[in-house]
**Q** 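Take a look at this one; I'll ask things after.
As the structure is a prediction and not an experimental result, all values here were calculated from the model.
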Amino acid sequence: VQLQAYGGGSVQAGGSLRLSCEVSGISMAVYDYYAYGWFRQAPGKEREGVSSISSNDGSTYYADSVKGRFTISKDTGKNTVYLQMNSLKPEDTAVYYCATTYIATTELLNGAEYTDWGQGTKVTVSS
């Protein structure tokens, strides 16, 4: 499986961005992979789980810091996972990564549970 994240950029605080993660090598409709997630890493900080979505029933999970502002979704026909980010804050500045896992884990915001990662896309939010 390969994942390619894109859609990052520079925005002012309060703005919006939509990140996309194209998945190739597998069909998201087959549910071989258990979940898809978005993670981020800011300079000098540890990687943080942002949001995840399960493959079979579409259950979604969010870090407290992004609840109510970010929305994760998936389009199995396009084999793509999205992260809509609204009301962006300077503290959202980070490199964002998409990942997937075939592990049937309950820790869907724990990056250690994810088996395959894409390259990051940088998001910069200015005040």
**Q** Just one of T93, V66, V125, T124 clears the side chain to side chain contact (heavy atoms under 4.5 Å, CB included) bar with L88, so which one?
**A** V125
**Q** Checking T105 against E113 for the side chain to side chain donor-acceptor pair (under 3.5 Å) test, could you report, in this order, the C-alpha distance in whole Å, the side-chain angles of both residues, the deciding distance, and whether it holds?
**A** CA-CA 7 Å; T105 179; E113 297 292 299; 2.8 Å; yes
**Q** If you measure from CZ on R40 to CD on E48, what distance do you get to the nearest 0.5 Å?
**A** 4.0 Å
**Q** Are D64 and K67 ion-paired here, with the side-chain N under 4.0 Å from a carboxylate O?
**A** yes
**Q** Side chain to side chain contact (heavy atoms under 4.5 Å, CB included), that's the test. Do V1 and Y102 meet it? Break it down for me.
**A** CA-CA 11 Å; V1 59; Y102 53 75; over 6 Å; no
**Q** Using the side chain to side chain contact (heavy atoms under 4.5 Å, CB included) definition, which of the options V95, L19, L83 pairs with V123?
**A** L19
**Q** In terms of heavy-atom contacts, does CD of Q12 have more than 12 from other residues, nucleotides or ligands at under 6.0 Å?
**A** no
**Q** Keeping the roles fixed (side chain from R18, backbone from Q84), state whether a donor-acceptor pair exists under 3.5 Å.
**A** no
**Q** To the closest 0.5 Å, what do you measure between CZ (F70) and OH (Y62)?
**A** 10.5 Å
**Q** For Y96 and Q41, test the side chains for any donor-to-acceptor distance below 3.5 angstrom and give the result as yes or no.
**A** no
**Q** Evaluate the ring planes of Y97 and W117, with Trp represented by its six-membered ring, and classify them as parallel (under 30°), tilted (30 to 60°) or perpendicular (over 60°).
**A** perpendicular
**Q** Where do S16 and N86 land on the side chain to side chain donor-acceptor pair (under 3.5 Å) test, with the steps shown first?
**A** CA-CA 4 Å; S16 299; N86 298 329; 2.9 Å; yes
**Q** Taking the six-membered ring where the residue is Trp, are the ring centres of F39 and Y114 under 6.0 Å apart?
**A** yes
